[in-house]
Asker: 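This is the structure I have questions about; it appears just below.
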Amino acid sequence: MAHKLVIVESPAKARTIAGYLGNGYVVESSIGHIRDLPNNAADTPAKIKDKPWGRLAIDVDNDFTPYYVVPRDKKSHITKLKSLLKDADALYLATDEDREGEAIAWHLLEELKPKKDVPVHRMVFHEITKPAILAAVENPRHINQDLVEAQETRRLLDRLYGYEVSPVLWRKVMSGLSAGRVQSVATRLVVDREKERMAFRAASYWDLEGTFDAGSSHDQRMFPAKLHSIDGARVARGSDFGQDGQLKTAGVAHLDRRAAEALVDGLRDTSYVVRSVESKPYKRSPYAPFRTTTLQQEASRKLGMSASVTMSVAQRLYEAGHITYMRTDSTTLSDSAIGAARDQVRELYGAEYLPDKPRVYASKVKNAQEAHEAIRPAGSSFRTPAQTGLTGEQFRLYELIWMRTVASQMKDAVGNTVSVRIGGAASTGEDVLFSASGRTITFHGFLKAYVEGTDSDATAKDDAETRLPNLTQGDGVSAASLAAAGHETKPPARFTEATLIKELEDREIGRPSTYASIIGTILNRGYVYKKGTALVPAWIAFSVIRLLQEHFERLVDYEFTANMEDVLDDIAGGRKDKVTELREFYFGSDKLAGLLPLVTGLGDIDAKELATFPIGDPADGIALRVGKYGPYLEGPGDGTDPDGTPATKRANVPDDLPPDELNSAKARELLANPAGEEIDLGTHPDSGLQVVAKNGRFGPYVTEVLPEDAKKSAKPRTGSLFKSMSLDTVTLDDAIKLLSLPRVVGEDAEGVEITAQNGRYGPYLKKGTDSRSLTTEDQLLSITLDEALAIYAQPKLRGRAAAAAPLKELGPDPVSGQPIVVRSGRFGDYVTDGEYNATLRKDDTIEELTLERAAELLAERRAKGPAKKAAKKTTKKAAAKKAPAKKATAKKATAKKATAKKAAAKKTTTKAAAKKA
DNA sequence: CAGTGAGCGAGCTTCCGCTTGACTT
C-alpha cells in the first residue's frame, strides 16, 4: 500500500512524529543538510576541478552558480530516501522552518526528484506536540524560494570569504591557518580584550570599612558599612577610574593610604547618627527558559561543563526523549509545556507560587529564527529528575533544565532593599558619611526553585540577602571596628567559552548549532588556548587579526554579520537579489571594495612588519616577533656583530605566557636569560670547555659554551644529534664524537681532502664541490678512506629512483604501455610509468591500489600536460617567485609540528614539575 | 633562535550550518 513520506531533519524527531501521525505515514530524516559545496579537493568532481573557480566550486563569472555535491557519507542515505519515495503517493518536506531548513527542503527536492504525479508539500511546525503536528500536516505550503535564495547567499558568501582569505594567511602568516566570517570575529574579540588588558593601568584607591553597632535595643546589633563621602564629596570607587588608571569622575574624593589611615585616626572617638533610611521594594522576575546559549552558560557556571560537553550530554538526553531539541534560539514554551510546568509548581511548591496567568517569554535574540521551542523537559507532563532514572552528567543537566523550566512559570521574588546613611564628625574636622545597604526577600517565588549563576565574584546572586538592623533616622550608632581598606582596579576579564558565546550571540554572530564548534575552531587553529577556563589569545592571533584589520577591515567588523543578516532578510522578503549582492561582495562596487580585488592586490603586505609587536616603550627597541618557530623576543644586544651591524639579542617566549603578562620588565628578564633548556654534559677533555645539549631550530644538538670574552670573535663548535640519540640520553662521549665532525676521512689520489659531515639532507661525504650521500649517520664516524674512495669511484646517482625499489608493481599502463610502479618519494607515495608521476590521494592505500586506479591517476596527471618542461617555460617567472614561498611554507609546516610537539613536551614537564613541588 | 651540499614528481590546507553515528583511545 502506498504511504505518505514525511522528511524531517533529525532521526529522533522522526521517531516522535511517526508516533503522532500513525499508519499511512512513513517518517524519515535527512540527518541535516544532504548536499553542500565540496569540502576539499578530494570531494571536488574532476569536471570542475580544472576550472578557474574549481577550488571555490562557485562559478563566480556565471551568476555565482554553485556546484553542489552529496557528501560521501550521505550517499547511501539518499538512496534509502529515494526508494521510500518510490512507493509514496505524497512527499512532505517537514524540515525546520528557518533559512537552513527551507534550503534542506529544496535540496531534498532537487536530489530526490519526485515523479510528476507525486504531490510535494512543505510542512512546518514549531513544537513537537500531537496537535501541532496534526495541524501542520493539514496545512502545508510551498517551498519559499526567496528564503532558499537567502540561505544560498549566506552559504556562498561564507565560502567566498573563507576560501579566498584563508590562502592569504597561508602565504603571509602560516600554512594551514583559516579565516571566516564567524571565527575571525570571535578571534578578534579575544585579541581585542587582551589588548585592553595590555593597555590597562591599575589605579589604587582607599576607603574605610567598618562594623557598626546599633545598640542593645536591636535583636541584630552588628552590621557592615563603608565610607561613602567626606564633606559632601563622594569617595572614589573602582568605577570612577578609567582603563588608563586615571580618575574620570569629577568632584570625588580620591583617598590614598595615608589619607585613609589618617581619617581612621580622626574617627577614633566619633559617635554616629543615622541620617537617612531609604527603603525600596525589590522585585525579581524569573529567567526565561533555556535556549542553546543560556544553557551553555549555566552549565558552565554551575556544572563546569564546556560548551561541547554540554551539547553532547544534551544530545543524549534529547535522543532518549528526556528533553526537547537542544539547538534553538527560542525561549517559547508550547501550551502543553506551560501546563506541565504549572502543574509541577502547584505540586512541588503550592498554589501560592503560581502566577494567575501563564508567563510568556518573547525572544530576546535579534536574529532568532524560532524553528523550535525552548529547551525543556519533553512531554506534556514533566518527570522530576528522580523519576527519570538518569545518573551523572545527564542527571545534572536534566535537573538544571527541569528547574529552569519550572521556575520560569513561578511568581516573582519580592522583598525590600534598604539603604542607610550614617554620619559623624572626625576630630580632624571632616564630616563623614557611611553607607550600609541590605536586602530582604519576603517572598522567594521562583528563587525557591532556581537561582542563576554569575560570571564574576563581584556580582551578588539574586537570592543573596543581607540584613540590617531596623534603624530609623536619628538613631545613634557606634563603630565597633573601623579600618582603612586598599583596593585596586582590575583589567577587564578574559572571555571564557560561555562569555564568548554570549558575546557572539549578542552580536548576532553564529547559530545554536555552531557556538560550541566555533570555540573548537579557534582552539584548533592555535589562535587561542585555555588557561583554566579563560581563553587566552596566542601571538599568532595578533598577527592574523592585524592582517585582517589592515587589509580586510570590513570583514572583521563586529557589525559585518548583523549587516549581512539584514541583507539576507531583504533577499528572503524578495526586496533584494542574491546575485547582485554576491557580485557587490565579491567584485566590489562604487561603494564597496570587493573581496577579489582585496585578495589579489596584496603584494605589498610586509610579513615581517605584520609579525612584529613592540613591547613597552618603542624607544627600547624590544619587540615580540611571531616567527616560523613560534613567538620570540628581539632586543638590542651588546655592541655590534662582527659585520658591524648592531647586535641583537633573542629569546624564546614561554608557550604559556599570556600576552598581557609580557611587559617591558618581563621582556628584559627573558632577554637576559634566554630560556633554552640546556643539559650540562660535562667538560670537553681537549678544549676544556663546558659541553651542553639543547633543542634548536633544526632539532636537538650539542655545543660548547665559550667564555664571555671569546664570544665575539669565535663561534662554538656544534653538532646535531644522530637520529639514534635523544636529549634525555645523550652522553658526553656522544657529544665529543659529534663535535669532532666534520671528520677528515683522507685524501684521494690527487691529494684532495675527503670529509664526512652531517647536513640538511643527512650524512654525506664532501670532496671539493663533489658530495655523496651516506646511508647511515654512524658512517660519519666509521667510514674508511677505502670505502669513501669506492663511493667516489661510482658515478653520482641522481635522484632516489636508483636507490629504492618500487613498493608495488601494477602492470602496464593502458596508454603508454610502460609498467606502472608505486614508489615512495619526498611528497609521499606516488605512481609512475617512467614519464609521468602522480601522487596518491588521501584515500588511496598501497595495499588497495589497483592498476585501474593507478591508470586513472596517471591519466589525470597526463591531462595537465608535460608539466616539467612546459611549466618551466611558460611560468618561469611565476615559478621562480613561487619557489621560495613554497619552500618557506613547507618549512613552516614541519616547524609547526615541531613546536607543537615541543609545547606538548614542555607542558608535560611543567606539569610534572608542579606535581613534584 | 646552532650550520650545512644535491636533485628530485606535487598536492593540499581553508568557510558556516544542518545533522548523527562510526571510529579510536
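Reckoned from all heavy atoms, side chains included, excluding hydrogens, waters and symmetry mates. So that the names make sense, note that chain A is the first sequence line, chain B the second, and so on, each numbered from 1.
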Asker: Give A:Arg159 one of three labels, base, sugar-phosphate or nothing, depending on what nucleic acid heavy atoms sit under 4.0 Å from its own.
Answerer: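 It contacts base atoms.
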Asker: Just to be sure I understand the rule, does A:Tyr632 reach a base, reach only the sugar-phosphate, or reach nothing, if contact means heavy atoms closer than 4.0 Å?
Answerer: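 Touches nothing.
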Asker: At under 4.0 Å between heavy atoms, what does A:Ser720 touch on the DNA or RNA strands: base, sugar-phosphate, or nothing?
Answerer: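 Touches a base.
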Asker: OP1, OP2 of B:dA2 versus side-chain N and O of A:Arg650: anything below 4.0 Å?
Answerer: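 Checking B:dA2 against A:Arg650, no side-chain N or O comes under 4.0 Å of OP1 or OP2.
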Asker: Here's a test of your reading of the structure: between A:Pro631 and A:Ser773, which maps to the more 5' nucleotide of DNA chain B?
Answerer: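 Result of the comparison: A:Pro631.
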Asker: In whole angstrom, what separates A:Ile7's CD1 from B:dC18's P?
Answerer: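 Computing the A:Ile7:CD1 to B:dC18:P distance gives 19 Å.
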Asker: Measure the spacing between NE2 of A:His107 and CD of A:Glu152 and express it to the nearest 0.5 Å.
Answerer: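 Nearest 0.5 Å value for the NE2-CD distance: 6.5 Å.
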Asker: Just how far is it from atom OG of A:Ser30 to atom CD1 of A:Ile104, taken to the nearest 0.5 Å?
Answerer: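 Reported to 0.5 Å precision, the distance equals 5.0 Å.
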Asker: Is the closest basic N to carboxylate O distance between A:Glu111 and A:Lys74 below 4.0 Å?
Answerer: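 Judged by the 4.0 Å cut-off on N to carboxylate O distance, A:Glu111 and A:Lys74 do not form a salt bridge.
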Asker: Within the structure shown, what part of the strands sits under 4.0 Å from A:Gly180 by heavy-atom distance: base, sugar-phosphate, or nothing?
Answerer: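 Sugar-phosphate only.
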Asker: In this structure, how many angstroms lie between the P atom of B:dG3 and the CD atom of A:Glu704, rounded?
Answerer: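 Distance check: A:Glu704 CD to B:dG3 P gives 14 Å.
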Asker: Stacking between A:Tyr701 and the base of B:dA2 (centre distance under 5.5 Å, interplanar angle under 30°)?
Answerer: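 Base of B:dA2: stacked against A:Tyr701.
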Asker: For A:Tyr163, answer base if it contacts any base atom (sugar-phosphate contacts may also be present), sugar-phosphate if it contacts only those atoms, and nothing otherwise; contact means non-hydrogen atoms under 4.0 Å.
Answerer: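 Base contact.
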Asker: Can you tell which of B:dT14, B:dG17, B:dC12 lies closest to the side chain of A:Arg181?
Answerer: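 Out of B:dT14, B:dG17, B:dC12, the nucleotide with an atom closest to A:Arg181's side chain is B:dG17.
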Asker: Looking at A:Lys766 and A:Glu753, is there a salt bridge between them, counting it only when a charged N and a carboxylate O are closer than 4.0 Å?
Answerer: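 No, this pair does not count.
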Asker: Angle between ring planes, A:Phe560 versus A:Phe585, binned at 30° and 60°: parallel, tilted or perpendicular?
Answerer: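 A:Phe560 vs A:Phe585 ring planes: tilted.
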Asker: What is the distance from CG of A:Leu156 to P of B:dC16, rounded to the nearest Å?
Answerer: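 After rounding, the reported distance stands at 15 Å.
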Asker: According to a strict under-4.0 Å criterion, is A:Ser175 in side-chain N/O contact with OP1 or OP2 of B:dT13?
Answerer: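 It does not, given that no N or O in the side chain of A:Ser175 lies less than 4.0 Å from OP1 or OP2 of B:dT13.
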Asker: Round to a whole Å and report the spacing from OH of A:Tyr586 to C1' of B:dC15.
Answerer: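 In whole Å, B:dC15 C1' and A:Tyr586 OH are 14 Å from each other.
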Asker: Send over the distance from A:Leu765 CG to B:dA6 C1', rounded to a whole Å.
Answerer: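 Rounded to whole Å, this separation is 13 Å.
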Asker: Round to the nearest Å and state the distance from A:Phe64 atom CZ to B:dC15 atom P.
Answerer: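 The distance from CZ of A:Phe64 to P of B:dC15 comes to 21 Å, rounded to the nearest Å.
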Asker: Can you confirm if the NZ or CZ of A:Lys13 lies within 45° of the ring axis of A:Tyr325 and under 6.0 Å from the centre of its six-membered ring?
Answerer: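 Because its charged atom sits under 6.0 Å from the ring centre and within 45° of the axis, A:Lys13 does stack over A:Tyr325.
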Asker: Do you know the tightest heavy-atom contact between A:Leu160 and A:Val60?
Answerer: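 The answer is CD2-CG1, 4.0 Å.
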Asker: Of all the choices, B:dC16, B:dG17, B:dT4, which nucleotide is nearest to the side chain of A:Asp158 once you look at every atom?
Answerer: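 Of B:dC16, B:dG17, B:dT4, B:dC16 is nearest to the side chain of A:Asp158.
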Asker: Verify the distance criterion only: is there a donor paired with an acceptor across the side chains of A:Tyr161 and A:Ser166 at less than 3.5 Å?
Answerer: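 A:Ser166 and A:Tyr161 do not have a side-chain donor-acceptor pair below 3.5 Å.
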Asker: Output one line per pair: protein atom, nucleotide atom from nucleotides 19-23 of chain B, and distance, for all N/O pairs under 3.5 Å.
Answerer:
residue	atom	partner	partner atom	Å
B:dT19	OP1	A:Asp96	OD2	3.4
B:dT19	OP1	A:Tyr325	OH	2.4
B:dT19	OP2	A:Tyr325	OH	2.6
B:dT19	OP2	A:Arg327	NE	2.9
B:dT19	O5'	A:Tyr325	OH	3.3
B:dT19	O4'	A:Gly32	N	3.3
B:dT20	OP1	A:Ser10	OG	2.4
B:dT20	OP2	A:Gln315	OE1	3.4
B:dT20	OP2	A:Gln315	NE2	3.0
B:dT20	OP2	A:Arg327	NH2	2.7

Asker: Answer yes or no for A:Arg525 and A:Tyr527: cation-pi contact, defined as NZ/CZ to six-membered ring centre under 6.0 Å and angle to ring axis within 45°.
Answerer: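 Negative - A:Arg525 is either too far from the ring of A:Tyr527 or too far off its axis.
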Asker: May I ask whether A:Trp170 stacks on the base of B:dT13, given the cut-offs of 5.5 Å between ring centres and 30° between planes?
Answerer: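 Yes; by the centre-distance and plane-angle rule, A:Trp170 counts as stacking on B:dT13.
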Asker: Counting only distance, no hydrogens or angles, is the base of B:dC16 paired donor-acceptor with the side chain of A:Arg511 under 3.5 Å?
Answerer: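 Side chain to base: no pair present.
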Asker: Tell me: CD1 of A:Ile522 to P of B:dT14, nearest whole Å?
Answerer: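 My rounded result for the distance is 16 Å.
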Asker: Given atom CZ of A:Arg99 and atom C1' of B:dC16, what is their separation to the nearest angstrom?
Answerer: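 From A:Arg99 CZ to B:dC16 C1': 11 Å.
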Asker: Quick one: label A:Pro742 by what it contacts on the DNA or RNA (base, sugar-phosphate, nothing), any heavy atom closer than 4.0 Å.
Answerer: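 Nothing, no nucleic acid heavy atom in range.
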Asker: Both A:Asn758 and A:Ser166 contact DNA chain B. Which one's nearest nucleotide lies toward the 5' end?
Answerer: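 Comparing both residues, the 5'-ward one is A:Asn758.
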Asker: What does A:Arg55 touch in the nucleic acid at a heavy-atom separation under 4.0 angstrom: a base, only the sugar-phosphate, or nothing?
Answerer: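 Base, at least one base atom sits under 4.0 Å.
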Asker: With the threshold set at 4.0 Å, does a side-chain nitrogen-carboxylate oxygen contact exist between A:Arg99 and A:Glu565?
Answerer: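 A salt bridge links A:Arg99 with A:Glu565.
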Asker: Looking at B:dC15, does its base get a donor-acceptor pair with the side chain of A:Arg155 below 3.5 Å?
Answerer: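 Indeed, a donor on one side and an acceptor on the other fall under 3.5 Å apart.
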Asker: Looking across every strand, which nucleic acid part, if any, lies under 4.0 Å from A:Gln183 by heavy atom: base, sugar-phosphate, or nothing?
Answerer: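 Touches sugar-phosphate only.
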Asker: Looking at A:Trp539, I'd like to know if the NZ or CZ of A:Arg625 sits under 6.0 Å from its six-membered ring centre while staying within 45 degrees of the ring's axis.
Answerer: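 No, A:Arg625 does not lie over the aromatic ring of A:Trp539.
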Asker: Measuring to OP1 and OP2 of B:dT13, would you say a side-chain N or O of A:Asn40 lies under 4.0 angstrom away?
Answerer: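 Answer is yes, contact under 4.0 Å.
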Asker: DNA chain B in dot-bracket, Watson-Crick or G-U pairs under 3.5 Å, [ ] crossing, | other strand?
Answerer: .........................
